[in-house]
Amino acid sequence: MQNKKYNPRVNRVLYGGDYNPEQWPEEVWQEDMRLLKEAHINELTLNVFSWATLQPSEEEYDFHKLDAVMELVREHGFSVMLATSTAAHPAWMAHRHPDILRTEFDGKRRKFGGRHNSCPNSPTYRLYAPRLARKLAERYQNYDNIVAWHISNEYGGCCYCEHCEAAFRQWLQKKYHTLGALNDAWNTAFWGHTFYDWEEIVLPDLRSEYFAPGRTQFQGMSVDYRRFNSDSILQNYIDEYQQIKEVTPDIPITTNLMGLYYDLDYKKWAKYMDFVSWDNYPSVGMPPAEIAMSHDVMRGLKGGQSFVLMEQTPSVTNWQPYNALKRPGVLALWSYQAMAHGADAIQYFQMRRTKGACEALHGAVIDHVGRPNTRVFREVTELGAQLENLSGDSLGATSDAKIAIYFDWSNWWSIDASAGPSDDLNYIDEIKSYYDALFKKHYAIDFVGPEDALDGYQILIAPILFSSSEEYAAKVRSFVEAGGTFVTTYFSGMVDEKNCYVLGGYPGHYKDILGIWVEESDALPTGEQNTFSYGNKTYPALRICDLIHSIRDLGDDYQDVTSAEAIGHYTTDFYAGTPCITKNTFGQGKAYYIGTRSEDAFYEQLLEQICKEAQVAPILDCDAELEITRRKNEHGEFLFLLNHTMEEQSVTLPGGPRVNILPRTTRIFHNGKSIL
Amino acid sequence: MQNKKYNPRVNRVLYGGDYNPEQWPEEVWQEDMRLLKEAHINELTLNVFSWATLQPSEEEYDFHKLDAVMELVREHGFSVMLATSTAAHPAWMAHRHPDILRTEFDGKRRKFGGRHNSCPNSPTYRLYAPRLARKLAERYQNYDNIVAWHISNEYGGCCYCEHCEAAFRQWLQKKYHTLGALNDAWNTAFWGHTFYDWEEIVLPDLRSEYFAPGRTQFQGMSVDYRRFNSDSILQNYIDEYQQIKEVTPDIPITTNLMGLYYDLDYKKWAKYMDFVSWDNYPSVGMPPAEIAMSHDVMRGLKGGQSFVLMEQTPSVTNWQPYNALKRPGVLALWSYQAMAHGADAIQYFQMRRTKGACEALHGAVIDHVGRPNTRVFREVTELGAQLENLSGDSLGATSDAKIAIYFDWSNWWSIDASAGPSDDLNYIDEIKSYYDALFKKHYAIDFVGPEDALDGYQILIAPILFSSSEEYAAKVRSFVEAGGTFVTTYFSGMVDEKNCYVLGGYPGHYKDILGIWVEESDALPTGEQNTFSYGNKTYPALRICDLIHSIRDLGDDYQDVTSAEAIGHYTTDFYAGTPCITKNTFGQGKAYYIGTRSEDAFYEQLLEQICKEAQVAPILDCDAELEITRRKNEHGEFLFLLNHTMEEQSVTLPGGPRVNILPRTTRIFHNGKSIL
Amino acid sequence: MQNKKYNPRVNRVLYGGDYNPEQWPEEVWQEDMRLLKEAHINELTLNVFSWATLQPSEEEYDFHKLDAVMELVREHGFSVMLATSTAAHPAWMAHRHPDILRTEFDGKRRKFGGRHNSCPNSPTYRLYAPRLARKLAERYQNYDNIVAWHISNEYGGCCYCEHCEAAFRQWLQKKYHTLGALNDAWNTAFWGHTFYDWEEIVLPDLRSEYFAPGRTQFQGMSVDYRRFNSDSILQNYIDEYQQIKEVTPDIPITTNLMGLYYDLDYKKWAKYMDFVSWDNYPSVGMPPAEIAMSHDVMRGLKGGQSFVLMEQTPSVTNWQPYNALKRPGVLALWSYQAMAHGADAIQYFQMRRTKGACEALHGAVIDHVGRPNTRVFREVTELGAQLENLSGDSLGATSDAKIAIYFDWSNWWSIDASAGPSDDLNYIDEIKSYYDALFKKHYAIDFVGPEDALDGYQILIAPILFSSSEEYAAKVRSFVEAGGTFVTTYFSGMVDEKNCYVLGGYPGHYKDILGIWVEESDALPTGEQNTFSYGNKTYPALRICDLIHSIRDLGDDYQDVTSAEAIGHYTTDFYAGTPCITKNTFGQGKAYYIGTRSEDAFYEQLLEQICKEAQVAPILDCDAELEITRRKNEHGEFLFLLNHTMEEQSVTLPGGPRVNILPRTTRIFHNGKSIL
């Protein structure tokens, strides 16, 4: 078993998070040290938002306050993740160099304010951000308590300014080489949008090709813009990465991601990150499976390598419509949930609650009251003590899932940009339905992207595989021929990576694998439904109903191809009796097509059947309402049992013992032995 | 019976639509020809979106691809409607001449993108669009298979740029001559908005007099802007019309309208169109009566002349929130519905589904699969064969309705701009209620505008006649005096054509005709209602409740005027017992006032009573749930029976025979003889 | 008893309102005079929107029309409130001096249009508006029928232009003196927003620190902007005030306010107004208590001085979504309600309905019909006759309430700007709940602001006292120590006047008074609730649930402080059994903390208990569904009984007599004697 440890410099579970002493008078610092030690904090993330302090003007740098902080925390034995502070440019910079300000989707030019809003193609930003990163690397390179660099913070958003427009044209030239290739890719002959000069191309925003968020007129252009924007911001990250790496080649570098975040293709980003870290802020009422899925997606970014939970709130958030308290026990439960899915460090935003501005009501280890006798501080301390008691054996342990779910940002953007057939098309919803059914039955799941190998997986699930390359279809074809099971759904195989429709019958390059031809797709308004029969039951058919034929109905060319078997049929409307769910035997494997959207019970029945047939077993085969995961490394197996419910759950472990898991608690077993 | 044929060059039912071979490689063209012939297509609308191809730069024109297409379709015997391609300007033009780009309602300046968005007062557009039209006319004038010119495409929208602002001032000078007249018309003394110089006038957009869509502060200005904008775009049409007409005086010219489209006063446009054509895209779930009404409105634009159904989708649309499939049979049913209301040509958007961009999911005769063995292709082919079997006898046949519904764009705009009394005021809703009741009972209905003569009609219905000229009141007065029946509603007779309130008692110039005085109007929020009694039943009173007096309550001047009889009374609130529905005998005729909005059953009871009294009979007096229309010309009478339901319907025809109409089918009888 | 008469020049109840003869031809004027006399109108508010007429160009002034109007109304014996016309700048001024146009929240620069939209920091506006005011004062100073000056009209709104930005920086410099003080107050160290130069500060709008209306990133900045904007517009008022006062020192000056209007800190404004006047336009369905509360807030602005009801509609409004008619009797009822709460003048907008533009459908004394035989005219006349019969004895009579509710605009803005904990936080809702409970039980209520003395009050209620100064806490502390009863709620005592959180435990400086420590606050989404027990009943706990401790739980420093008694406890969730409602004995007084929001029945039970304990009696102790108020002056006591219901109510007066109050009517008793 390969160890997939995120960081060779770390041999314990780091426990800490964002600490901003520069926002407080120094007399508070000693009290901080005392309280954080009391809470078993061992790591501090520093310098996240200090650019204005570090660089008070064009040519002036002032590190004296950061020097003092670095000394302070080293003296007190804390590990450090040192941030570069480039997530919020200084006010003077915006004033003197307005090119650093973004332009919004509607063309509104921003003024100074907020954060995470430097134009990625701003010459000023690209000059000063990497310069600061280098200065920090040079100044603090000898602090051996630095365990990682943390570049910027929660990168994201889009910009539609003239600098981005010029950069977009260059990006397109690099990609397409000729205008002819670009005109063809975007099908600009439609509506006579042919470009004769690169300068004629404008960004697709509300002033041009978009007509509303989530609706656009030239999908190829819009998805290319999404790719370009993600690449542009990634370049900001790389700019800093390169500067730091030259100075401190041995210290790993990361930036904190945000789970299923739309704007950035994290799968591409992860290539340039030494390890993945991310910020877990579930919205109020989010079900455990959804949080689990985000963890699995994040773990999948670097092929299963363990990751850092960079931020979570010790209690409330401040930015949701209703910021409920984390209930007692949830802090630990969700921390262990992160570990259960591959996290090797547990960190908070933030150590001390700020006294003013928009995060003053965000939870912190030390509240405005400034004392340790709070519920939150006690829970933080209790968890810290538990983590301290865990050995470092579990570090780098990872999943051995046999089921992979395909997830691809370009596909997400393509689905979103599609004009038709239904406003309710939702990539994430569809993935969740498949994930939830497997989660409930305790199956291990990995997430893979277009470039990931499929070796070792027995089942590949690709909901709404709307956009993909012919190469990816070939990869799936090989996978199934070799015995794999492939599951996909309605609105799949429709367009290539340029958003051009694959001619000759849907689902395009997948139709031989699936043995079907989808002639038409009916869109049902919210609240309306068809129904279908499957396995002696009737289920609702929602959103889209594909009208499916045997592939042989396509004519002579397809008479030698295997044709799918219909294992579910519509039961109402003019297509009653026609196939809704099909199964094809292709080579040594199977390929399923789910022609509609349905309810949870269907996905559970379907996937249980498919797993059984593919001989994929759950981690534990039990009915307890538990989240169950397993991580493995050279030290063996770590089994996590998490009870998110308010009732006690019990389960019999493989070795025989029956264990009880109290409400809102976690149990961990290392090679069968309870370690929590 | 006068024949009202739309086009002297055409002697068959044209069957075809938009064909864009320039978006495809030439190897596809021959396959297209084969498949379209197979589908009985006989007409192709060409060159709708090819400006960028035809004019690749400032002084360069390139017709070689269009030449090839024109040759191809002539060789294959297709009639052609040749478009001018000016609905989407080229990218290079927007880049070099930004005056062609529109400015939106909120002041946002557009960039290149989309279509139908050239500024109507752009010097560049006004130079290049007619120049291209002329070149096309000169080049293809000798193609005798051209049956019509199709200028631009689906004109619409508004612009608020500085060119339009300057043009608005000129338009106002031409209309009002003096600032004094303008200040008086707009009542600028209110809020001290007096203008002392034409240059002080700005467009009424979100930056100035509007405070939200559908709400404005100076109604006179806002309605004038609407008229100006419609006129500006009409001028673009006329610019091209004149160029073409000089070259090919014998070929009729049209542009495709869009039914009840708000932005353009089609009644004024129709004066400049040789025939009406329009695009019928019912939204999902739209009832048959609503589609029928649009057809009748379109037929009314040119006094009953037959028209062209320029576009409909063979299957799905792509731009609705939920794009459901057209159910089997609906394609033919809705095509015959168009004929039933006056269409003499049935056309589709489009022949071949585009491979990319925002209409790639819009239905087409030839789908992405590229084969004829689809449900849609089969239905298209079956209908094509049926139409081929119909003789040309029905061409030019028109309605002989005795009932006219008044419809006026300026009135629509005025109602919409009104600040008070209720957000729910809705001109179209109100018209629909009257139309639906008549439709259900199989009455023939025409739509008339302010300039149309009322000769030949027995009943004139003018729902929410809020704004009209004193001249129109005089026309109505003559109509009623001569024996006509006039029906109008709450919120009528309030303002003149300048949006100034008529003083001396509502409903203004109509009060003598109606014999009433409306003292006050109560506005009921959505969900609240009063009730009224009428003909032994009680109905809900919704939205507005007018408090109605005898006209004699206005005092001495009105003692000699006939006073209306109350035939319905409110039953609750402080105005319980006061009149809600009144009927006046005026001259030889009758005048009804409906002081509130109610439910379908009321309109049916009321209109049946009014028709009976006015001795207007339905086309067929039966209870079958059928749409029934009749067209007449020199060849006699064509009776259309359309069954939109899922149940078989039957009806006894005048001559005696009982006929059955299967679900979603049409029967046509020519002089009593079944021809479909 | 001190007389608090608003105007020494007036010895009768003025009855009149806005009159705009300049919008009508002179032949109408004589008819106006006749009708207004008939209606017992005795006052006219003139010249509200005539700037364009008075100043047709840069240097030209033309008063001849206003001269004629002034003569006319003097001849006919009307009192006059003379307006300065500066609420709508002329079109030519906007054209020549665009600095007068505002920039909106989203950065959209306005063009000419609408009203109430001159930039308050526009050099042009600040030059021409006071100049016009002075010219009017000089020209009409000798009209002894002028009873007041009416500056501008319904001031309000915000501007985000570059002039305001520059002025904001100056305002900040004057307030903070140093950038260090400003950076500290706004806590700009958070997110590294430190300012090094005043020029770096930009206005907090949608382009900068706001991210949506009601949400902002630096609360200190946002609230300072609100204060600045209110001050800027106030300065416009003061500019005119000073010019007029120099010329006519003896004529009182006012401007018409708008009740609970968000944008302007009326409490500060009132210092600069000789008397308060306001416009009462309840929305459809607004309950009587809400209207009453607005009157009480308005009366409180100048410490109980009587005020002028400057505008109300005689019938409908035109700007609401649904503009229902005022039901018969409501006109008089609401007029008397104003008097009952301190109004000494009853006025309308407007005398004659305008013939066009957006208020043409707004109610008026004389309708478009132009005749007196309307319901509205009759009701106006009847009320006029009644008012004429009242002596002037009641003028200046005021409240003798023992209960004060605290209301502060800065606190409102702070609550609104807060990022967290709940979107449903609503200052006005919370105040209403306490007001309504007291209103229902017939208690007299005053509203006080931060600078008002608390002498004479026995109970002070301060719902959601989120933001306040340490000085105010000291004032409350003295009040309670001396025997007062203080009531406050959840989300109180959190921030100081700079929006910086008070450290050391919530509710900040109030925790010793209240004897509690609030550790956490749970936010409940709309539709969810906790519950709590109080006085043998269980009530819903909504929106926010504070988790409350004894203050002694804060540690050693607080062991000598009295600790509150829990008189209500949560009954569900993990904080079941913990305090929800607390009561502390502090000095001679009591302090209550209400840790959540609940339903009406709770507030009634709670406040009845608190009043009983504080020995505060209602005006009349009865269960009749009546509004009951009392005003006192040197002439004794005026008791108002208003029946807003549709049922007759009866009540026994202190002296013994039982009186009946018919539906929608008012009775007034002067020293026990019925005068209405």
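Keep in mind that the numbers below use all heavy atoms, side chains included, and drop hydrogens, waters and symmetry copies. Numbered from 1 within each chain, the chains take letters A, B, ... in sequence-line order. Just so it is clear, the model here is predicted, and its values are computed rather than measured.
Nearest heavy atoms, C:K111 versus B:L203: NZ-N, 4.5 Å. Between B:Y196 and C:A52 the shortest heavy-atom distance is OH-O, 2.6 Å. Shown here for B:A419 and C:C358, the closest heavy-atom pair between the two residues is CB-O, 3.5 Å.
Heavy-atom neighbours of B:E162 CD from other residues, nucleotides or ligands within 6.0 Å: above the threshold of 12. Counted within 6.0 Å of CD on C:E382, heavy atoms from surrounding residues, nucleotides or ligands total 12 or fewer; the atom is thus considered open.
Considering only heavy-atom pairs separated by less than 4.5 Å from chain C, the leading option among B:Q219, B:R207, B:K498 is B:R207. When each of B:W517, B:F195, B:W186 is scored by its heavy-atom pairs under 4.5 Å with chain C, the top score falls to B:W517. For chain C, the option among B:D197, B:D424, B:D106 with the highest count of heavy-atom pairs below 4.5 Å is B:D424. For the options B:A189, B:G420, B:P421, heavy-atom pairs under 4.5 Å to chain C are most numerous at B:P421. With chain B as partner, the option from C:N318, C:L325, C:T354 having the largest number of non-hydrogen pairs under 4.5 angstrom is C:L325. Of the listed residues (C:P321, C:A360, C:G356), the greatest number of heavy-atom pairs within a distance under 4.5 Å of chain B belongs to C:P321. The most heavy-atom pairs under 4.5 Å with chain B, out of C:A324, C:A88, C:G285, come from C:A324. In terms of heavy-atom pairs under 4.5 Å with chain B, the best-connected choice from C:A357, C:A94, C:S50, C:G363 is C:A357. No other option in B:D522, B:L503, B:T526, B:D553 has as many heavy-atom pairs under 4.5 Å with chain C as B:D522. The candidate from B:L554, B:N499, B:L524 with the greatest count of non-hydrogen atom pairs under 4.5 Å with chain C is B:L554.
When heavy atoms are compared at a cutoff of 4.5 Å, B:T216 approaches chain C solely by way of its backbone atoms N, CA, C and O. Looking at B:M494, the atoms closer than 4.5 Å to chain C (heavy atoms on both sides) all sit in the side chain, from C-beta outward. Interface residue B:D184: backbone and side-chain heavy atoms are both found under 4.5 Å from chain C. Contacts between C:Q320 and chain B at a heavy-atom distance below 4.5 Å involve the backbone alone (N, CA, C, O). Of the atoms belonging to B:E528, not a single heavy atom falls under 4.5 Å from chain C. In this structure, the portion of C:S315 lying under 4.5 Å from any heavy atom of chain B is its side chain and not its backbone. In this structure, chain B has a heavy atom under 4.5 Å from the side chain of C:K108, while its backbone stays farther away. Contact annotation for B:F190: both backbone and side-chain heavy atoms come within less than 4.5 Å of a heavy atom of chain C.
Judged as a ring pair (Phe, Tyr, Trp, His ring centres under 6.0 Å), and not counting sequence neighbours, the contacts of B:Y160 are B:F105, B:Y225. B:E519 meets the salt bridge (charged side-chain N to carboxylate O under 4.0 Å, His left out) test with no other residue; sequence neighbours excluded. Every residue was checked against the salt bridge (charged side-chain N to carboxylate O under 4.0 Å, His left out) condition with C:E648, not counting sequence neighbours, and none meets it.
For residues 368-377 of chain C, heavy-atom neighbours of chain B at less than 4.5 Å comprise C:H368, C:V369, C:R371, C:N373, C:T374, C:R375, C:V376, sorted by residue number.
Here the OH atom belonging to C:Y322 is positioned 10.0 Å from the CD1 atom belonging to B:I544, to the nearest 0.5 angstrom. The CG atom of B:D573 sits 4.0 Å away from atom CZ of C:R327, with the distance rounded to the nearest 0.5 Å. Annotation: the span from B:S422 atom OG to C:N323 atom CG amounts to 8.0 Å, rounded to 0.5 Å.
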Requested in this report: List the steps and the verdict of side-chain contact (heavy atoms from CB on, under 4.5 Å) for B:F491 and C:L361.
Outcome: CA-CA 11 Å; B:F491 209 59; C:L361 290 176; 4.1 Å; yes

Requested in this report: Run the numbers on C:R353 and B:Y501 for side-chain contact (heavy atoms from CB on, under 4.5 Å), then give the verdict.
Outcome: CA-CA 10 Å; C:R353 208 173 210 184; B:Y501 281 75; over 6 Å; no

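Remark: the backbone N or O of B:S208 is paired with a side-chain donor or acceptor of C:R110 at under 3.5 angstrom. Formation of a donor-acceptor pair under 3.5 Å by the B:E209 side chain with backbone atoms of C:G114 is found in this model.
C:F49 has its ring centre no less than 6.0 Å from the ring centre of B:H193.
Taking 4.5 Å as the limit, every side-chain heavy atom of B:T194 sits out of range of all side-chain heavy atoms of C:W92.
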